[in-house]
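Encoded as structure tokens, the structure appears first; notes follow it.
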Amino acid sequence: MGLVVQKYGGTSVGSVERIKAVAERVSAAKARGDRIVVVVSAMAGETNRLFKLASELAEAPNARETDVLVATGEQVSAALLAIRLNSMGFPCASFLAHQLKIATDSQHGRAKIKSIEADRIKAVLKEDKIAVVAGYQGVDPLGDVTTLGRGASDLTAVALAAALKADICEIYTDVDGVYTADPNIVPTARRLDRISYDEMLEMAGLGAKVLQLRSVELARRFNVPLVVRSSFGEGKGTWVGQGDASMEDVLVSGVTLDQNQAKVTIAGVEDRPGLAAKIFGPIADAGIIVDMIIQNASADGRTDMTFTVPRDDVRRAIDIVKKIGAEIGISGVRFEDPVAKVSIVGLGMRSHAGVAAKMFRVLADERINIEMIATSEIKVSVVVNSKYGELAMRALHDNFIGAGNGAEESV
Ligand code: ASP
Ligand code: MG
């Protein structure tokens, strides 16, 4: 008999019919003899609807009150699922974060979990009941409602799995696993049977939406094995866990595309200690995340610096640079054409040379110009003109992963 944490996302509990289907799945697992803790998201679209209501009443809605509001979505779905399970003859109790002391700091909207008191859940499981927990929410030291950030019901599930030392954390969603690339862009993309935490972290950080980034970090830290699978079918999904030597045989596990980057170039920055800090300090203080930075070789004691930021932040970044530029004396700031970041990720890169070189060759064959490059131990990212982002992604997928047999793998 195992202890299983199952998490169901918004589309999985998006209607009364869907909640009935989830209840069937949960009760079947219970009938097999496992102890079950279920974490639910709000019904599909509900969290957005609540945020929108708030924004219709205030330009910048109060953060504490917004958390009180948006946390209700999960309360509704937790109660509905528990009502259904009880009516089916499966004793079940639903819980909100304050009842389980899912203790967080007070940063409303992006609170961090400090600790979880799992005693209450353990007691319920001992009585042979199913526990249903509202995801996404926490409670701060004052006892106030907090939320953990968008998509963070995944995090609730992993944190509970870690606290309860669960055997597995199953993430049920509307896709049947983690894919080698976004199937909407790369038709030959296929489901992976397994992927390491490290690869999944890179892919989540690079924009793969299937798992929330912080939940993968936590799963890795506490060694919680994850399975991502569809609540709409019976596929075996993708296992996410500790990488092993056999996984290094695969050179590239996934290709990602981030179309949300913009590139800024500062021309004529004096080449002396402290200037990079002067420029990037205030950008960081403004909460703007700088992704890649390149500093060119200097000529006549001056250099160019190019960096990328999320597209929505580019105006603010340029205003900041202009202001500092006036103090430190630069010759200009350029906002360049929209760019895309295309990345390949794979544990195999640790032990195989030449992966980056092959990537550059594939892009050259497509006549795609590389504007920036960044690497880590298991990732190579390039910035290209955004027009060529999808083409680059498909070409890299074809060359590194191949067409495979997507149909066979995905049933
Ligand atoms: N309902 C929350 C959101 O939409 C949390 C989640 O679904 O994971 O972001
Ligand atoms: Mg999600």
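Start at 1 and go down the list; that is how both ligands and their atoms are numbered. Residue indices begin at 1 and follow the sequence shown. What you see is a predicted model; the values in this text were computed from it and never measured.
Heavy-atom separations between Ala152 and ligand 1 include at least one value shorter than 4.0 Å. Heavy-atom separations between Gly9 and ligand 1 are all 4.0 Å or longer.
From the protein, the heavy atom lying nearest to atom 2 (C) of ligand 1 is Glu74 OE2, 3.4 Å. Shortest contact from atom 4 (O) of ligand 1 to any protein heavy atom: Arg150 NH2, 2.9 Å. Atom 7 (O) of ligand 1 has as its closest protein heavy atom Ser41 OG, 3.0 Å.
Annotation: Asp154 places no N or O atom under 3.5 Å from an N or O atom of ligand 1; distance criterion only. Distances between N or O atoms of Gly149 and those of ligand 1 include no value under 3.5 Å.
Not a single side-chain hydrogen bond (donor to acceptor under 3.5 Å, both in side chains) links Gln75 to another residue, sequence neighbours left out.
A parallel orientation is assigned to the rings of Tyr172 and Tyr8, their planes being inclined by less than 30° (bins at 30° and 60°).
Judged by a 6.0 Å distance limit and a 45° cone about the ring axis, Lys358 is positioned over the six-membered ring of Phe400. Judged by the 6.0 Å and 45° rule, Arg150 forms no cation-pi pair with Phe51.
Between the side chains of Gln242 and Asn223, at least one donor-acceptor pair of N or O atoms lies under 3.5 Å.
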Enumerate, atom names and distances included, each donor-acceptor pair closer than 3.5 Å involving a side-chain atom of residues 83-106, sequence neighbours excluded.
residue	atom	partner	partner atom	Å
Asn86	OD1	Cys92	N	3.0
Asn86	ND2	Ala82	O	2.9
Asn86	ND2	Cys92	O	2.9
Ser87	OG	Arg84	O	2.8
Gln99	OE1	Leu96	N	2.7
Thr104	OG1	Thr146	OG1	2.8
Asp105	OD1	Gln107	N	3.2
Asp105	OD1	Lys112	N	3.1
Asp105	OD2	Gln107	NE2	3.4
Ser106	OG	Asp140	OD2	3.0

